[in-house]
Novice: 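Take a look at this one; I'll ask things after.
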Amino acid sequence: MAQVVGQQILRDPALFYWILFPITIVMILTGVLRHYATLLLQSAPKPLEAKAIREQKNYLHGINLRTNANQIPLSSFTSRKNYLVQAFQSGSFLKDPDAKNKPPANPMSDPNGMDAMMNMMKGNMMMIVPQTVIMGWINAFFSGFVIMKLPFPLTIRFKSMLQSGVMTRDMDVRWVSSLSWYFLCLFGLKSVFTFILGNDNAADQTMAQVQQMNPQANTQQLFGPGQDPAKMYLAEAENLEVMVQHEFVLDGIEDRILARI
Amino acid sequence: MNAEERDLQLYPIVPENLVANSKTISDLHSLSSSLLGIAAGILGLESYTGFLFYLLGTLFVSTLIVTFVMGGKPEVYSRGGWKDVIAADVTGGVMGFVLTWTLFFGLVRA
């Protein structure tokens with residue numbers, strides 16, 4: 001008898017066809033477009049000159065030797081270590097050994113650094129432009145309609161955000177306007193893009209933001225702008241020097257195999 | 001070298017394979033969370049019931065993954081075992097669930 005009935009609002013079903021579906025379709029298509037535009041705009045990383053490649057690969061050689069030291073016998077490890085430490089300390093793999101004591105170059109003037117920055121700019125543009133355009137479009141065309149009821153209650157604080165353009169003071173917060181459907185699509189379409197475009201897509205904006213954090217990851221440059229390769233070589237030589245513990249994985253292999261049989 | 005590091009050296013784990021496995025798991029979870037949202041919307045579940053439905057649904061899907069996809073041996077495929085399967089992609093799954101839940105709730109009920 002005393003059952004509280006929530007507010008009932010009679011809405012035109014045409015609201016669904018002319019607001020809800022257009023917004024959803026546009027959001028999905030924008031994601032697909034963003035994915036393919038990002039693929040198109042990605043410039044292939046420039047091939048480095050031979051000496052720069054030598055510099056990077058020898059640095060990687062040092063790291064790999066350190067991490068996989070236990071896979072080779074102690075004698076092999078020691079001879080490799082001695083060779084690498086000597087080479088690192090004398091700086092014979094450096095791109096330009098004379099630049100050892102110069103201050104690092106300004107990253108703005110480095111052409112490789114400029115390239116990385118251009119890529120970041122493009123990524124940013126791909127995110128910001130569609131977002132502003134779509135929000136403006138929704139605000140211009142669809143503000144002021146109550147289009148749907150959320151299936152879960154929210155606190156009163158969300159009212160000004162979710163009911164923007166609807167000036168009704170007593171309306172339940174569960175009734176929301178078109179802009180909130182836009183936000184739901186913004187955060188929730190990730191799974192839809194996973195079906196359409198596969199797992200590694202560039203369509204989702206939250207994913208794009210994560211990638212912005214480490215732009216270094218997909219360039220071939222190992223040394224970021226402003227880092228001095230000579231100093232990194234010295235540090236790596238020191239790391240190799242102080243590595244005293246060495247335990248060959250094949251030590252006692254017979255016992256382990258026999259124990260497993 | 002302590003025992004754990006030693007174990008890792010003797011029986012190494014390939015990180016690429018781990019990443020591929022967790023991608024497969026999160027794919028399955030995001031697909032199933034959208035479908036759960038559709039189910040919840042059609043059933044007309046509201047507030048807590050809906051979220052409870054989502055939790056039970058993901059638990060059910062996780063058990064299915066562990067028993068059928070992983071053949072009952074989750075520790076072979078991921079480092080954390082079955083906990084990784086359940087915890088994979090919870091936040092993204094919730095957003096997809098809420099999206100389809102709201103859409104179908106609006107279409108069917110409200």
Side-chain angles (χ1 to χ4, degrees), chain A residues 6-11 13 15-17 19-21 23-24 27-28 67-71 146-154 172 174-176 180-195 198-200 204 206-207 244-253 256-257 260, chain B residues 1-3 5-12 15 19-54 89-110:
Chain A
Q7 286 176 344
Q8 294 295 322
I9 296 181
L10 203 60
R11 285 159 306 148
L15 284 177
F16 277 125
Y17 304 122
I19 297 179
L20 204 63
F21 291 134
I23 291 177
T24 317
M27 290 292 292
I28 291 175
T67 47
N68 299 319
N70 294 327
Q71 314 288 337
V146 169
I147 58 164
M148 62 195 323
K149 187 182 182 187
L150 292 179
F152 46 90
L154 288 169
D172 195 347
R174 289 175 64 178
W175 295 98
V176 292
S180 26
W181 177 245
Y182 164 76
F183 280 118
L184 271 180
C185 282
L186 195 66
F187 294 118
L189 278 180
K190 182 174 160 276
S191 47
V192 178
F193 291 139
T194 313
F195 317 143
N199 212 324
D200 291 318
D204 194 42
T206 45
M207 287 297 281
V244 281
Q245 244 178 358
H246 181 274
E247 200 171 318
F248 188 31
V249 282
L250 292 188
D251 280 347
I253 182 77
R256 284 207 304 273
I257 285 183
R260 287 191 131 200
Chain B
M1 210 189 295
N2 57 33
E5 277 176 50
R6 209 187 130 89
D7 247 25
L8 209 61
Q9 289 280 349
L10 294 181
Y11 308 105
V19 170
N21 287 345
S22 66
K23 260 187 184 164
T24 314
I25 295 173
S26 77
D27 267 7
L28 287 171
H29 268 300
S30 64
L31 176 66
S32 66
S33 66
S34 294
L35 294 179
L36 281 174
I38 293 175
I42 292 173
L43 289 174
L45 303 177
E46 291 190 42
S47 60
Y48 288 121
T49 347
F51 288 111
L52 204 67
F53 180 74
Y54 172 69
D89 205 26
V90 169
T91 44
V94 167
M95 291 319 289
F97 172 75
V98 168
L99 180 85
T100 48
W101 182 22
T102 315
L103 179 65
F104 279 83
F105 187 79
L107 288 177
V108 176
R109 291 289 160 130

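Sequence lines set the chain letters: A, B, ... in the order given, protein chains first and strands last, and positions in each chain run from 1.
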Novice: Given that the side chain runs from C-beta out, which part of A:Phe21 has a heavy atom under 4.5 Å from chain B: side chain, backbone, both or neither?
Specialist: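 Side chain of A:Phe21 only, per the 4.5 Å heavy-atom cut-off to chain B.
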Novice: So which atom in B:Asp27 and which in A:Thr194 form the shortest heavy-atom distance, rounded to 0.1 Å?
Specialist: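 Closest pair (atom of B:Asp27, atom of A:Thr194, distance): OD1-CG2, 3.2 Å.
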Novice: Roughly how far apart are A:Leu184 CG and B:Trp101 CH2, rounded to 0.5 Å?
Specialist: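 Rounded to the nearest 0.5 Å, the CG-CH2 separation comes out at 11.0 Å.
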Novice: Could you tell me if the side chain of A:Phe152 sits less than 4.5 Å from the side chain of B:Tyr48, heavy atoms only?
Specialist: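 Sidechains of A:Phe152 and B:Tyr48: no contact.
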Novice: Identify which part of A:Leu20 has an atom lying under 4.5 Å from any heavy atom of chain B, answering side chain, backbone, both or neither.
Specialist: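 Just its side chain gets close to chain B.
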Novice: Nearest 0.5 Å, please: how far is CG in A:Leu189 from CE in B:Met95?
Specialist: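 If I round to the nearest 0.5 Å, the distance is 10.0 Å.
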Novice: Let me know if B:Leu45 has heavy atoms under 4.5 Å from chain A in its side chain, its backbone, both or neither.
Specialist: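 The answer is the backbone of B:Leu45.
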Novice: If I measure from the heavy atoms of chain A, does B:Thr102 come under 4.5 Å with its side chain, its backbone, both, or neither?
Specialist: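 Both parts, backbone and side chain.
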Novice: Under a 4.5 Å cut-off applied to non-hydrogen side-chain atoms, are B:Leu103 and A:Trp181 in contact?
Specialist: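 Counting from C-beta outward, B:Leu103 and A:Trp181 do come under 4.5 Å.
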Novice: For A:Thr67, is it the side chain, the backbone, both or neither that has a heavy atom under 4.5 Å from a heavy atom of chain B?
Specialist: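 Backbone only.
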